[in-house]
Amino acid sequence: MTVRTRFAPSPTGYLHVGGARTALFCFLFARKHGGQFVLRIEDTDLERSTTESVNAIMEGMTWLGLDYDEGPFFQTQRFERYQAVIDELLDKGLAYRCNCSKERLDRLRDTQMAAKVKPRYDGHCRARAVDPNAPHVIRFSNPVDGVVVVDDMIRGRVAFANAELDDLILRRSDGSPTYNLSVVVDDADMGITHVIRGDDHLNNTPRQINILKALGQTPPRYAHVPMILGADGARLSKRHGAVSVVAYRDLGYLPEALLNYLVRLGWSHGDQEVFSLEEMIELFDLEAVNKAASSFNTDKLDWLNQHYIQHSDPLRIARLLSPHMGHLGIDPTEGPDLAEVVSAQAARAKTLTELAAISAFCYEDFAEYDADSAKKHLRPVAREPLARLRAELDMLALQDWQQETLHHVVERVASDLGLNLGKVAQPLRVAIVGRAASPGIDITLQLVGKPATMRRIDRALAFIDARAAAVN
RNA sequence: GCUCCCUUCGUCUAGCGGUCAGGACGCUGGCCUCUCACGCCGGUAACAGGGGUUCGAAUCCCCUAGGGAGCGCCA
């Protein structure tokens, strides 16, 4: 039997991190076992489903690289099939028509709540002859006694008494099927062997098993994964910043970083923290999935993102970084090779947006000095080293404007003046970067280029003079 | 209210009867060093509480507390 899993979101919003992790687990499990992963859109709620949501979900999955083997299937295109199954259930006496009024149902519920029992339908219409031509819903005849056992691959054996379950609605009065019916029919029709989903569905599982049994189907294996909570331990919501997967892309996160972070949220393989997609596929195991909910922690995501920025091919990072430079109004083709900038800066940024921000100085003059840095390094004592550097650097031919040569020039100026390298490099750094943090001074000079370096040193000298004049 | 699920450092987790309760992020001390980072070395910090079972419990059982989910003509 080949493994088949499915991710079945309802298109009522974007793909959020919780859904993405569920999709990832489904994807990994299928891949690991050489099976298929299918995408199914559960759009039976005509009111709330939108095509924008469908697109947003697929965009998220594409970005993460969660390729599906089949689908997307849309439940709205399978209504005749659901109808046939409902008719079959009706014929076999396993479902019945119900025309209980909203008022009766509300009253029933109030009575039950008052009696401190679980509110549920009382089966009033089970044995009644309801006019098929008047408005009605179709309910499932749930077994009245016995227990349903869910042998969950993550939570273990969970038993539910049938007495706790009621006769749920399979078809609405407008003729559309409800979730519990369509899910069951699709999972069976699509040959799904393993249903991996959020644990908010655990309570639905016994009902679905009962329907499956009524249909003469063998239930699939189930695996209910715990929820993902916000950093404050509360349920994930917009309040927690970016919850949409593509929002993380826009914030400058790499898909492999988010995937790596997500796979470790609830799953582990000993002490290993970093997993390539290949390793995830090889090592993923439902038995190792945690039972408890976990909260989303941006610090760790940042750490992973930094790790991947630093250890990935600079050419690829440069390609992904380019649009972020664009958002800053910078055209990275006009200036140093972006991949070289990435190589120099990769260890300094947690996100691509941050990487773009700290690399802007390679392409355009900074607006103003960082106040503290200028105050500390652009002082009168720095005038001589800077003037000397300007003279020495000016003598370099353009083809000699290379890291190694530049390094020697800075070193020579320092030793000629009897100063530590830091006394020379720091003022120079502030002069050309605008602040006291950048890659090594030599590579920084190389990336900025000669014209801009000369220009910015002059600007620093003028700044020092102006400041001295102001003091006097 | 009823049913079901969950509970190890602040966070993610290892542990599956005998460990000084391990790792990672964060925070923090130091090293490296032209700055900032990176890297390296060290530190901080947890078994929700109470009963059992056992020679021995983070590990098994029960209770309590806390958290979550479901109880829709939503999915």
Side-chain angles (χ1 to χ4, degrees), chain A residues 8-12 42-45 47-49 75 98 102 105 109 112-120 135-139 150 152 155 158-161 163-166 168-176 178-180 182-183 197-207 224 226-227 229 231 233-235 261 264-274 288 290-304 306-307 310 345-350 358 373 377 407 410-411 414 420-430 433 435-442 444:
Chain A
S10 60
T12 53
E42 310 221 322
D43 55 354
T44 53
D45 183 348
E47 297 283 297
R48 299 192 299 157
S49 300
Q75 292 191 320
C98 166
K102 177 105 169 39
L105 262 19
R109 183 191 159 82
Q112 289 166 330
M113 289 291 265
K116 303 190 177 204
V117 296
K118 188 177 189 171
R120 53 210 199 275
H136 65 274
V137 299
I138 306 289
R139 287 183 184 271
V150 179
D152 194 273
R155 346 289 297 197
V158 185
F160 295 84
E164 291 295 331
L165 276 22
D166 65 356
L168 77 171
I169 292 173
L170 300 176
R171 193 182 77 185
R172 303 182 182 98
S173 45
D174 69 359
S176 62
T178 58
Y179 166 72
N180 282 298
S182 54
V183 124
R197 72 214 319 188
D199 71 2
D200 47 335
H201 288 287
L202 185 54
N203 285 296
N204 288 322
T205 309
R207 302 164 169 286
H224 288 92
M227 299 198 53
L229 275 20
R235 193 171 179 171
Y261 179 70
R264 282 285 289 105
L265 214 51
W267 175 79
S268 61
H269 180 71
D271 287 337
Q272 190 170 344
E273 295 288 350
V274 177
N290 231 73
K291 293 179 189 171
S294 42
S295 39
F296 196 91
N297 178 258
T298 310
D299 284 335
K300 191 154 185 180
L301 205 213
D302 283 348
W303 173 73
L304 279 165
Q306 199 281 322
H307 171 87
Q310 188 177 187
Q345 294 277 45
R348 294 175 175 74
K350 293 183 188 305
I358 64 171
S373 303
H377 299 290
H407 185 77
V410 178
E411 266 191 338
N420 292 330
L421 191 54
K423 297 282 189 217
V424 176
Q426 278 304 83
L428 179 57
R429 172 171 283 114
V430 176
V433 179
R435 59 178 180 274
S438 87
I441 193 65
D442 45 11
T444 298

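All heavy atoms count here, side chains included; hydrogens, waters and symmetry mates do not. Numbers restart at 1 for each chain; the letters A, B, ... are given by sequence-line order, proteins then strands.
Using modelled atom types, no side-chain atom of A:R429 and backbone atom of A:H377 make a donor-acceptor pair closer than 3.5 Å.
Using a 4.0 Å heavy-atom cutoff across all strands shown, A:R171 reaches no nucleic acid atom at all. Base engagement by A:K118 is indicated by at least one non-hydrogen atom pair under 4.0 Å involving a base atom. Among the heavy atoms of the strands lying under 4.0 Å from A:V158 are primed sugar atoms or P, OP1, OP2 only; no base atom is included. Contacts of A:I441 with the nucleic acid, taken as non-hydrogen atoms under 4.0 Å apart, include base atoms. A:E164 comes within contact range of the sugar-phosphate backbone alone, with a heavy-atom separation under 4.0 Å but no base atom that close. Nucleic acid contact class of A:R155 (heavy atoms, under 4.0 Å, all strands): sugar-phosphate only. Among the atoms of the strands shown, base atoms are found under 4.0 Å from some heavy atom of A:D271. Among the atoms of the strands shown, base atoms are found under 4.0 Å from some heavy atom of A:H201.
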For a quick check, with a 4.0 angstrom heavy-atom cut-off, what is the B/S/- contact string for nucleotides 36-49 of chain B, read 5' to 3'?
BBS-----------
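Using the Watson-Crick or G-U wobble rule with both distances under 3.5 Å, B:G29 pairs with B:C41. Nucleotide B:C36 has no partner under the Watson-Crick or G-U criteria, as no pair reaches both atom distances under 3.5 Å. B:U53 makes up no base pair with any nucleotide shown, lacking Watson-Crick or G-U wobble contacts both under 3.5 Å. Pair assignment for B:A21 gives none, since no Watson-Crick or G-U wobble pairing has each distance under 3.5 Å. Remark: B:U59 base-pairs with no nucleotide; criterion is Watson-Crick or G-U wobble with both hydrogen-bond distances under 3.5 Å. Pairing partner, B:C16: none, since no Watson-Crick or wobble contact has both distances short of 3.5 Å. B:U3: Watson-Crick or G-U partner is B:A69, with both key distances under 3.5 Å.
When distances are taken from the side chain of A:A292 to each of B:G70, B:C6, B:A75, the shortest belongs to B:C6. Closest to the A:L202 side chain, of the nucleotides B:A75, B:C5, B:U11, is B:C5. Taking the side chain of A:R207 as heavy atoms from C-beta on, and the options B:C12, B:A14, B:C71, the nearest nucleotide is B:C71. Of all nucleotides listed (B:A75, B:C34, B:C73), B:A75 comes nearest to the side chain of A:Y179.
With both ends at atom C1', the span from B:A21 to B:G39 equals 29 Å, rounded to whole Å. Nucleotides B:G67 and B:C73 place their C1' atoms 32 Å apart, quoted to the nearest Å. B:A46 and B:U7 have their C1' atoms separated by 12 Å, with the value rounded to a whole Å. The C1' atoms of B:G42 and B:C4 are separated by 46 Å, rounded to the nearest whole Å. Annotation: B:G15 and B:C60 have their C1' atoms spaced 15 Å apart (nearest Å). Taking atom P on both B:C2 and B:C25, the two are 45 Å apart, rounded to the nearest angstrom. On the P atoms, B:G22 is 27 Å away from B:C31, given to the nearest whole Å. The separation of B:A75 from B:C16, taken at their C1' atoms, amounts to 36 Å, rounded to a whole angstrom.
When all heavy atoms of A:P119 and A:Q112 are compared, the pair lying nearest together is CA-OE1, 3.2 Å. Closest heavy-atom contact between A:S295 and A:Y261: O-OH, 3.8 Å. Pairing each heavy atom of A:S373 with each of A:A436, the nearest pair is OG-N, 3.1 Å.
Summarising the geometry, the separation between CG on A:L105 and P on B:G72 is reported as 9 Å, rounded to the nearest angstrom. One interatomic measurement links the two molecules: CG of A:L304 to C1' of B:A24, which rounds to 9 Å at whole-angstrom precision. The CG-C1' distance, from A:N290 to B:U11, rounds to 13 Å in whole Å. For A:D302 and B:U11, the CG to P distance is 18 Å, given to the nearest whole Å. Here the P atom of nucleotide B:C4 and the CZ atom of A:F160 are 8 Å apart, to the nearest Å.
The shortest distance between the side-chain N/O atoms of A:S294 and the OP1/OP2 oxygens of B:U11 is not below 4.0 Å. Side-chain N/O atoms of A:S176 include none lying less than 4.0 angstrom from OP1 or OP2 on B:C73. Within the structure, a side-chain polar atom (N or O) of A:R109 is placed less than 4.0 Å from OP1 or OP2 of B:G72.
A:S182 and A:T44 are not linked by any side-chain donor-acceptor pair at a separation below 3.5 angstrom, with hydrogens and angles left out of the test. Under the 3.5 Å distance criterion, with hydrogens and angles disregarded, no donor-acceptor pair is assigned to the side chains of A:T178 and A:N180.
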